[in-house]
Amino acid sequence: MRKQLFQTMTVAGLCAMLAMPVQAAEPAQTTEHHHDNAISGFIDYVELQRELERIEATSKGAVSIDVAGQSFEGRDIYTATVGTGDRVLLIQSEIHGNEKTGTVAILNMLKSLSNNSKAAKAIRDEVTIVFMPMMNPDASEADKRRNSMTWDDVLADYPELSSASPSWNYFDRGVSQSYDYAANPGFDVNRDFNPDLNYVPDAADFPGASDEPGWFITKEAQISRDVYKSLQAEFGTVDVFVDLHHQGMYYIDGTADPVTLSLSAQFVPDPASAEGAKYSEYADGYNYDFSRQLNVAVYDELQSYGNSEFTNVSLYSQGLDLPGTALGSYALNGSGTVLFEVRGQTQMMGHKEKGQLVKSVERGLTAILEGVADGSAYNIDPEAYKDIPLTSYRPSTN
């Protein structure tokens, strides 16, 4: 693999190019218990390495693979860059290790984007896309949400925090989805981000809270931050940031229809508003309208498939204040942001359901890439975001 960090990439007709599924969509299966299904049908760490190496070798220079850094346990965290355009998109998956469909979708898209079709070449001329397909490989290998770093490990790196209480996102007790965190503690990496990309951990900021910034104490969050800063240095701004996740079983508000994919453009209050006054220093760069336009592009694309589960798209919980997430921090730094939350966890789904969910992610990402490449995303009415139905935790009985 080449060690060249950010080779650029492009978009322009992506929907047509990705219309041919690498994995066909299949009907959803009944939700099952943790580990009733093997996760071998997903991409594990060794398979990811092999696939990235193969994609780079067969891409004839279109895809550049780089090691951005190492996880807590020493596994390489990769970037895959394709395209040479001036607009840059950063797309990451598996910051939670039991949320794996995004990784499969990214590999499928890399194969399509690197081919010799006119559509693929046109895309590569318009945008640069940097994929981070497995942000938390340690947790991925263990099929768990959190990494394997302990608070003692943090103190070894930051002895100045010895007087601080462990951060609120550190789990060292209890059992979640049959995983024993008392015996295997770790951090929720996606609460370790800070809109100040140069932040240095300070004991006064611990243990923090969900509506306060994180600290960049985990290796994985540091690496995402460093990739983001490198793109800022090269391009001036990271135009789009997309984070690929999973959620539980939810429903389209007012119906009994299970949600296939939840979206969101909002992770912190507008810095120009009274509610967001604590973020006022970021007001000039924050672009909520663009985030909403990108989300509408995804929604409209999936609605175009007519009467199918692809149309079961809703808005994730709104009114959030989560500056410690990658989405919250990067939104405050000027990126248009999109959250993808597909149904279920990998431990809960059968292989048939996986294919349909992977394809939903691919088609949604395609809409973003195409819309940014040809400029159509910038012409979408951001107020149409309000027309996307909300997510409900319970099915309607009416």
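Keep in mind that what you see is a predicted model, and the values were worked out from it rather than measured.
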Nearest-0.5 Å distance, OH of residue Tyr330 to CG of residue Leu231: 9.5 Å
Residues passing the ring-ring contact (aromatic ring centres under 6.0 Å, His included) test with Phe340, sequence neighbours excluded, are none
Whether the Asn190 and Thr325 side chains hold a donor-acceptor pair (N or O, under 3.5 Å, no angle test) is what I'd like checked. no
Which residue pairs pass the salt bridge (charged side-chain N to carboxylate O under 4.0 Å, His left out) test with at least one member in residues 272-295, sequence neighbours excluded? Lys278-Asp321, Asp289-Arg292, Arg292-Glu383
side-chain hydrogen bond (donor to acceptor under 3.5 Å, both in side chains) between Lys144 and Ser140: does it pass, once the steps are laid out? CA-CA 6 Å; Lys144 64 176 183 175; Ser140 181; over 6 Å; no
Would you check if the side chain of Glu220 reaches a backbone N or O of Phe72 as a donor-acceptor pair within less than 3.5 Å? yes
Checking side-chain polar atoms at under 3.5 Å, does Glu73 have a donor or acceptor matched by the opposite partner on Ser148? yes
Hey, are Thr366 and Glu301 close enough side-chain-wise for a donor-acceptor pair under 3.5 Å? no
In residues 206-216, what donor-acceptor pairs under 3.5 Å come from side-chain atoms, sequence neighbours left out?
residue	atom	partner	partner atom	Å
Trp215	NE1	Asp205	O	3.2

Gap separating the CG atom of Asp374 from the CG atom of Leu369, nearest 0.5 angstrom: 11.0 Å
Which residues pass the salt bridge (Lys or Arg N to Asp or Glu O under 4.0 Å) test with Glu94, sequence neighbours left out? Lys100
The salt bridge (Lys or Arg N to Asp or Glu O under 4.0 Å) partners of Glu51 (sequence neighbours excluded) come to Arg54, Lys111
Rounded distance (nearest 0.5 Å) linking atom CG of Leu48 with atom CG of Asp44: 8.5 Å
Name all residues meeting the side chain to side chain contact (heavy atoms under 4.5 Å, CB included) criterion together with Ser329; count only those two or more places apart in sequence or in a different chain, and write none if there are none. Phe193, Pro195
Using distance alone, with no hydrogens and no angle criterion, decide if Arg363 and Tyr305 have a side-chain donor and acceptor under 3.5 Å apart. yes
Which residues pass the side chain to side chain contact (heavy atoms under 4.5 Å, CB included) test with Ala277, sequence neighbours left out? none
Compute both the distance and the angle, then confirm whether Lys359 meets the cation-pi test with Phe310: under 6.0 Å from the six-membered ring centre, within 45 degrees of the axis. no
Are a donor atom and an acceptor atom from the side chains of Asn379 and Ser376 found within less than 3.5 Å of each other? no
Establish, from distance only, whether the side-chain atoms of Asn169 and Ser167 form a donor-acceptor pair under 3.5 Å. yes
Sequence neighbours excluded, every pair satisfying ring pair (Phe, Tyr, Trp, His ring centres under 6.0 Å) that has a member inside residues 104-127: none
Distance col, row Asp192:CG vs Lys219:NZ, nearest 0.5 angstrom, shows 11.5 Å
Under a 4.0 Å threshold between the charged nitrogen and the carboxylate oxygen, would Glu53 count as salt-bridged to Arg50? no
Just list the side-chain donor-acceptor pairs under 3.5 Å for residues 251-264, sequence neighbours left out, or say none.
residue	atom	partner	partner atom	Å
Thr255	OG1	Ile252	O	2.8
Thr255	OG1	Asp257	N	3.0
Thr260	OG1	Glu309	O	2.8
Ser262	OG	Gln247	OE1	3.4
Ser262	OG	Gln247	NE2	3.0
Ser262	OG	Ser314	OG	3.2
Ser262	OG	Thr391	OG1	3.1
Ser264	OG	Gln266	N	3.2
Ser264	OG	Gln266	O	3.4
Ser264	OG	Gln318	NE2	3.1

Pairs where residues 261-297 contributes a residue and the test ring pair (Phe, Tyr, Trp, His ring centres under 6.0 Å) is met, not counting sequence neighbours: Phe290-Tyr378
Per the ring pair (Phe, Tyr, Trp, His ring centres under 6.0 Å) rule, what does the pair list look like for residues 94-121, sequence neighbours excluded? His96-His245
Using the rule given for side-chain hydrogen bond (donor to acceptor under 3.5 Å, both in side chains), can you reason through Gln232 versus Thr237, listing the C-alpha separation, both sets of side-chain angles and the distance that settles it, and then say yes or no? CA-CA 5 Å; Gln232 280 185 319; Thr237 192; 5.9 Å; no
Sort and list the pairs that fulfil salt bridge (charged side-chain N to carboxylate O under 4.0 Å, His left out) and have at least one residue in residues 328-337, not counting sequence neighbours. none
Once the angle between the rings of Tyr393 and Tyr250 is folded into 0 to 90°, is it parallel (under 30°), tilted (30 to 60°) or perpendicular (over 60°)? perpendicular
If we ignore hydrogens and angles and just use 3.5 Å, is the side chain of Glu141 paired with the main-chain N or O of Tyr45 as donor and acceptor? yes
Once you round to the nearest 0.5 Å, how far does CD of Glu341 lie from OG of Ser317? 9.5 Å
Can you measure from CG (Asp76) to CD1 (Ile65) and round to the nearest 0.5 angstrom? 12.0 Å
